[in-house]
Amino acid sequence: QQPVQSPQAVILREGEDAVINCSSSKALYSVHWYRQKHGEAPVFLMILLKGGEQKGHDKISASFNEKKQQSSLYLTASQLSYSGTYFCGTESMDSNYQLIWGAGTKLIIKP
Amino acid sequence: EAGVTQSPTHLIKTRGQQATLRCSPISGHTSVYWYQQALGLGLQFLLWYDEGEERNRGNFPPRFSGRQFPNYSSELNVNALELEDSALYLCASSSFGVGQLTDTQYFGPGTRLTVL
């Protein structure tokens, strides 16, 4: 079953913070985060593994709450380059080595 | 290191025709995934190939098929094209990740298929 991403879209001013959530009805083994800019391919951001630590690089970080079966992506002091659609891909023990993708969260950063 | 490449960039076909899309994975990657992304929508899983074999397929009709060659490149064929097949078709290749069930996927730039 497809994970639910929220919000569907968000508009920010440069420098503001954003949180994107990804929730699943299944017990998750990992969550993968990608960003897709308009007209481009999705680009891998990070992976959160069950039992692993919160990840992050630059001003983008993510957490994984196994009990709540959800992951959150944090973008702090957003930059114009953060604009795009963010997708989470989840895997569970019964997903047959497939990522089940959320519908995406569109992030628009304005100067 | 070269990334995932796909060809052609754009493809225009008419209803009922066949389309062939190609993908070359990152060197050393043995798995190739195909996705359909309709305009403004998310990623819909089509097919997964690994070591030359089809490992899984998504909820698409049989007219969507493909194969993986000995050099791990892959081909997606769509027969009897329909208008709703118009979409961006993305290919991704993957590498083994320690502790992961599913490998990290690296996407190509996609093929934009337009069916008239």
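Letters A, B, ... mirror the listed sequences (proteins, then strands); counts begin at 1.
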Undergrad: Taking B:Tyr33 for its side chain and A:Leu99 for its backbone only, find out whether a donor-acceptor pair lies under 3.5 Å.
TA: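 No; zero donor-acceptor contacts below 3.5 Å.
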
Undergrad: Just so I understand: if I count every heavy-atom pair under 4.5 Å between each of A:Glu40, A:Gln36, A:Lys106 and chain B, which residue has the most?
TA: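 Between A:Glu40, A:Gln36, A:Lys106, the count favours A:Gln36.
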
Undergrad: Is it the case that one hydrophobic cluster holds both B:Tyr89 and B:Tyr72, taking links as side-chain heavy atoms less than 4.5 Å apart, direct or via other members?
TA: no

Undergrad: For A:Gln5, is it the side chain, the backbone, both, or neither that has a heavy atom closer than 4.5 Å to a heavy atom of chain B?
TA: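 For A:Gln5, neither part sits under 4.5 Å from chain B.
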
Undergrad: Using non-hydrogen atoms only, which part of B:Arg112 is less than 4.5 Å away from chain A: side chain, backbone, both, or neither?
TA: neither

Undergrad: If a pair satisfies side chain to side chain donor-acceptor pair (under 3.5 Å) and one of its residues is in residues 3-13 of chain B, list it, with sequence neighbours excluded.
TA: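 Sorted pair list comes back empty.
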
Undergrad: Is it the case that atom CG in B:Asn59 sees more than 12 heavy atoms from other parts of the structure closer than 6.0 Å?
TA: no

Undergrad: Tell me if the CG atom of B:Leu39 is crowded by more than 12 foreign heavy atoms within 6.0 Å.
TA: no

Undergrad: Are there more than 12 heavy atoms of other residues, nucleotides or ligands under 6.0 Å from atom NZ of A:Lys68?
TA: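 Check fails, neighbour count at 12 or below.
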
Undergrad: Of the non-hydrogen atoms in B:Pro109 and A:Ala41, which two are nearest, and what is the gap between them?
TA: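 Closest heavy-atom pair between B:Pro109 and A:Ala41: CA-CB, 4.0 Å.
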
Undergrad: Report yes or no: do A:Tyr82 and A:Leu73 belong to one cluster of Ile/Leu/Val/Met/Phe/Trp/Tyr joined by side chain heavy-atom distances under 4.5 Å?
TA: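 Yes, A:Tyr82 connects to A:Leu73 through the hydrophobic network.
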
Undergrad: Rounded to the nearest 0.5 Å, what separates atom CH2 in A:Trp101 from atom CD in B:Gln44?
TA: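 Spacing of CH2 (A:Trp101) from CD (B:Gln44) equals 11.5 Å.
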
Undergrad: Is the gap between the ring centers of A:Phe44 and B:Phe107 under 6.0 Å?
TA: no

Undergrad: Scan for salt bridge (charged side-chain N to carboxylate O under 4.0 Å, His left out) pairs involving residues 67-84 of chain B, sequence neighbours excluded, and state none if there are none.
TA: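 Sorted result for residues 67-84 of chain B: B:Arg22-B:Glu75, B:Arg63-B:Glu82, B:Arg67-B:Glu75.
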
Undergrad: Report which part of B:Leu43 has an atom under 4.5 Å of a heavy atom belonging to chain A: side chain, backbone, both, or neither.
TA: both

Undergrad: For A:Phe87 and B:Gln37, work out which heavy atoms get closest and say how close.
TA: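 Nearest heavy atoms, A:Phe87 then B:Gln37: CZ-NE2, 3.7 Å.
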
